[in-house]
Participant: 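Below is one structure. I have some questions about it.
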Amino acid sequence: MLTLKPTGLGGTDDYEVFDADRRPIGRIMWTHAAPTDRRWFWVIFRGHGPQTPTDKGYTATREEAMAAFKVAWSEPPRPS
């Protein structure tokens, strides 16, 4: 189970993602620095090695970002 919690860093659309053990594992946020049709950015913090292309992405809605994050988190990391 993944849980979102507002980061408290100023924006209301900025969330930290926690795993079932309440460890921070990533972030989901709305950003201006994204394609206009996909303003929600998500990223996984794996904590080891370089980040892979499948550890981040952009979506149109927060719900889509949550779903994409969950799929990427459940898959083993791929080498870049």
Participant: Would you name the heavy atoms of Ala68 and Trp42 that are closest together and state the gap between them?
Facilitator: CB-NE1, 3.6 Å
Participant: Would you please name every residue forming a side chain to side chain contact (heavy atoms under 4.5 Å, CB included) with Lys70, sequence neighbours left out?
Facilitator: Leu2
Participant: Rounded to the nearest 0.5 Å, what's the gap from CD1 on Ile28 to CH2 on Trp40? Could you check?
Facilitator: 8.0 Å
Participant: I need the full list of side-chain hydrogen bond (donor to acceptor under 3.5 Å, both in side chains) pairs touching residues 28-39, with sequence neighbours left out, sorted by first then second residue.
Facilitator: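 Every candidate side-chain hydrogen bond (donor to acceptor under 3.5 Å, both in side chains) pair involving residues 28-39 fails, so no pair, neighbours aside, qualifies.
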Participant: Does Val43 share a hydrophobic cluster with Val71, counting links as ILVMFWY side-chain heavy atoms below 4.5 Å and allowing steps through other members?
Facilitator: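 In one cluster with Val43: Val71, no.
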Participant: Kindly work out whether a path of hydrophobic side-chain contacts (I/L/V/M/F/W/Y, heavy atoms less than 4.5 Å apart) joins Leu4 to Phe69.
Facilitator: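 Linked, Leu4 and Phe69 end up in one cluster.
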Participant: By the side-chain hydrogen bond (donor to acceptor under 3.5 Å, both in side chains) test, which pairs, at least two apart or in different chains, include something from residues 5-18?
Facilitator: Thr7-Asp14, Asp14-Arg27, Tyr15-Arg62
Participant: Give the minimum heavy-atom separation between Thr3 and Met1, together with the two atoms involved.
Facilitator: OG1-CE, 3.7 Å
Participant: For Arg23, which residues count as a salt bridge (charged side-chain N to carboxylate O under 4.0 Å, His left out) partner, sequence neighbours excluded?
Facilitator: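 Counting only residues at least two positions away or on another chain, Arg23 forms a salt bridge (charged side-chain N to carboxylate O under 4.0 Å, His left out) with Asp19, Asp21.
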Participant: If you compare all heavy atoms of Thr54 against all heavy atoms of Ala72, which two are closest, and at what distance to 0.1 Å?
Facilitator: O-CB, 3.4 Å
Participant: Taking a hydrophobic cluster as the set of Ile, Leu, Val, Met, Phe, Trp and Tyr residues connected by side-chain heavy atoms closer than 4.5 Å, whether directly or through intermediates, do Ile25 and Met66 fall within one such cluster?
Facilitator: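 Same cluster.
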Participant: Would you please classify the geometry between the Tyr58 ring and the Phe41 ring as parallel, tilted or perpendicular, with 30° and 60° separating the classes?
Facilitator: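 The arrangement is tilted - the two ring planes meet at 30° to 60°.
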